[in-house]
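Note sheet for the following structure.
Keep in mind it's a predicted model, so treat the numbers as computed, not measured. First listed ligand is number 1; within each ligand, the first listed atom is number 1.
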Amino acid sequence: MGFNTWNTFGEVFNEKMIMEIADAMADRGFRDAGYKYLVIDDNWNMEYRDPETDKMIPRPKKFPDSNIVPTFNYIHDKGLKVGIYSCAGVRTCACKMSSYDYEFLDANTFAEWGVDYLKHDFCLHPELGDGELLYRRMSLALRHCGRDILFNACNWGWDDVWSWARAIGVDTYRSTGDICDNFTSFKNIFQSQVMKLGSNAPGCFNDMDMMTVGMEGKGSNSALFEGTDGGSFGTEGTYRIQFCVWCMFQSPLIMGCDVRTVSDKYRDLLCNPDLIAINQDLEGRPAFPVSFDNNLVYCKLLADGTFALLFINADENERMLSCITHDIGYTVGSGYKIHMKDLLSGEEMVQGDFPVVTVPGRDCRIFKCKLVKD
Ligand code: GLA
């Protein structure tokens, strides 16, 4: 859980902004809700290496004297962890110096600077090369750098990443192309991952990209894709859908909105403890679809013996949504009923083999459920 600069700031940020973001994460409740990593994305470093040491060079206009360590110290002093960005190719996506061939030196440098998380992108890798091998290299380098650095393999789902990421030491892996701030984009992302969640388990999770919750059209990835989805951006209902799905699918919760200014309404959604508990559930069991209706009802078994049910209405108009709970394993003959608590409204109900719930247009409802004797 954390924040990443890319969605809102793109290539434009500096030390002062990063410090303000660290302040906001600590002062506005994000850190205490669990958002610990402050990740600085692409364009923090120069296009070349230090001629004497071969180390990467932080951009002096962003980090005075090309020294990024004071920024990292500031982040740590706020009780947060530091994330940095590099790439498996010869240049990063913004054409800055990348780690290809220098994995061990860069891992050691990041450790020396106090980095706790590495997002490792996939742009400009040799076309004839083996993508998996490039991630094996950085993984081994990180495991021998003397510091615990979480490894995010940002290879966009290429090369069947879910089939090898865990084995080679990846902690989280990006499974899709870049998200943008509209419903079509994030719906396509999560629907593409439904049948690939089986490899989610403690130690290695499918990362469906930084969330756009609360961006409301502000930010570099909104502008880039303006015009898709009829030019519309996320709404209160679709942001609720996004956050609930990211929790149900156990995607890393990396915020992409400007945490300094995002409204309290979205801050409260992003910090909802009941939803975060689903995302962080210790057993890490993948959600599975339980509907005959566009695969938009999902169930997730939880470590405390309960289960969560998410009903998504992708239509514009209010709808009654249902699922057949026999698909979860429930039987009427067991003598149980299903007690359902709406985690957003607090409403409680008791249902059986065919719960029907009313969901507003382009919105969702999420329930924590347990079996109870009549
Ligand atoms: C790729 C990644 C994004 C972001 C940019 C930075 O597109 O997928 O998340 O890191 O590069 O250039």
Side-chain angles (χ1 to χ4, degrees), residues 1-14 17-18 21 35 37-47 56 58-59 62 68 82-100 106 110 115-127 131-132 134-135 138 149-159 161-162 165 170-182 185-186 188-190 192-193 196 205-213 215 218-226 228 234 242 246 251-259:
M1 292 174 67
F3 162 86
N4 176 299
T5 50
W6 185 253
N7 279 5
T8 291
F9 303 106
E11 297 182 15
V12 184
F13 55 83
N14 57 36
M17 286 161 73
I18 301 292
I21 289 162
Y35 294 93
Y37 292 95
L38 195 171
V39 184
I40 301 172
D41 208 285
D42 206 352
N43 208 29
W44 64 270
N45 64 333
M46 299 300 283
E47 292 78 1
M56 287 188 179
R59 297 186 85 72
K62 298 184 178 210
I68 203 168
V82 169
I84 198 77
Y85 166 99
S86 189
C87 182
V90 295
R91 293 278 183 282
T92 71
C93 301
C95 284
K96 302 303 176 295
M97 186 38 67
S98 185
S99 292
Y100 183 81
D106 289 348
F110 296 150
V115 167
D116 308 294
Y117 173 116
L118 175 66
K119 171 174 174 177
H120 205 49
D121 216 335
F122 201 40
C123 277
L124 300 168
H125 57 278
E127 294 284 323
E132 179 182 344
L134 298 181
Y135 286 96
M138 185 48 100
I149 300 184
L150 192 147
F151 187 27
N152 172 241
C154 179
N155 90 330
W156 320 312
W158 284 35
D159 304 324
V161 59
W162 44 89
V170 166
D171 298 302
T172 59
Y173 57 90
R174 267 280 298 282
S175 49
T176 69
D178 291 5
I179 197 168
C180 53
D181 187 18
N182 63 61
S185 165
F186 44 84
N188 287 344
I189 285 182
F190 73 76
S192 75
Q193 295 311 302
K196 293 178 181 150
F205 288 97
N206 181 324
D207 171 4
M208 299 193 300
D209 208 354
M210 289 88 71
M211 298 179 288
T212 62
V213 174
M215 288 181 66
K218 299 181 216 99
S220 66
N221 75 341
S222 306
L224 207 58
F225 296 96
E226 199 169 1
T228 55
Q242 182 184 127
W246 263 233
S251 178
L253 299 178
I254 307 290
M255 301 179 289
C257 62
D258 186 343
V259 292

(message) Assess the residue pair Ser175 and Asn206 against the criterion (side-chain hydrogen bond (donor to acceptor under 3.5 Å, both in side chains)); give the C-alpha distance rounded to whole Å, side-chain angles, the decisive distance to 0.1 Å, and a yes or no.
(response) CA-CA 6 Å; Ser175 49; Asn206 181 324; 2.5 Å; yes
Could you go through ligand 1 and list every pair where one of its N or O atoms sits under 3.5 Å from a protein N or O, giving the atom names and the distance to one decimal?
from: ligand 1; atom 1: 7 (O); to: Asp178; atom 2: OD1; distance (Å): 3.4
from: ligand 1; atom 1: 7 (O); to: Asp178; atom 2: OD2; distance (Å): 2.7
from: ligand 1; atom 1: 8 (O); to: Trp156; atom 2: NE1; distance (Å): 3.0
from: ligand 1; atom 1: 8 (O); to: Arg174; atom 2: NH1; distance (Å): 3.4
from: ligand 1; atom 1: 8 (O); to: Arg174; atom 2: NH2; distance (Å): 3.2
from: ligand 1; atom 1: 8 (O); to: Asp178; atom 2: OD1; distance (Å): 2.6
from: ligand 1; atom 1: 9 (O); to: Lys119; atom 2: NZ; distance (Å): 2.8
from: ligand 1; atom 1: 9 (O); to: Arg174; atom 2: NH1; distance (Å): 3.1
from: ligand 1; atom 1: 10 (O); to: Asp41; atom 2: OD1; distance (Å): 2.7
from: ligand 1; atom 1: 10 (O); to: Asp41; atom 2: OD2; distance (Å): 3.3
from: ligand 1; atom 1: 10 (O); to: Lys119; atom 2: NZ; distance (Å): 3.0
from: ligand 1; atom 1: 10 (O); to: Asp121; atom 2: OD2; distance (Å): 3.4
from: ligand 1; atom 1: 11 (O); to: Asp121; atom 2: OD2; distance (Å): 2.8
from: ligand 1; atom 1: 12 (O); to: Asp42; atom 2: OD2; distance (Å): 2.7

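- A side-chain hydrogen bond (donor to acceptor under 3.5 Å, both in side chains) with Trp156 is found for exactly one of Asp121, Thr176, Asp209, namely Asp121.
- Between the side chains of Asn152 and Thr172, a donor-acceptor pair is found at a separation under 3.5 Å.
- Not counting sequence neighbours, the partners of Asp106 by the salt bridge (Lys or Arg N to Asp or Glu O under 4.0 Å) test are Arg49.
- In this structure, cysteines Cys123 and Cys87 have SG atoms that are not closer than 2.5 angstrom.
- Classification of Asp42 and Lys96 as a salt-bridged pair fails, no side-chain N sitting under 4.0 Å from a carboxylate O.
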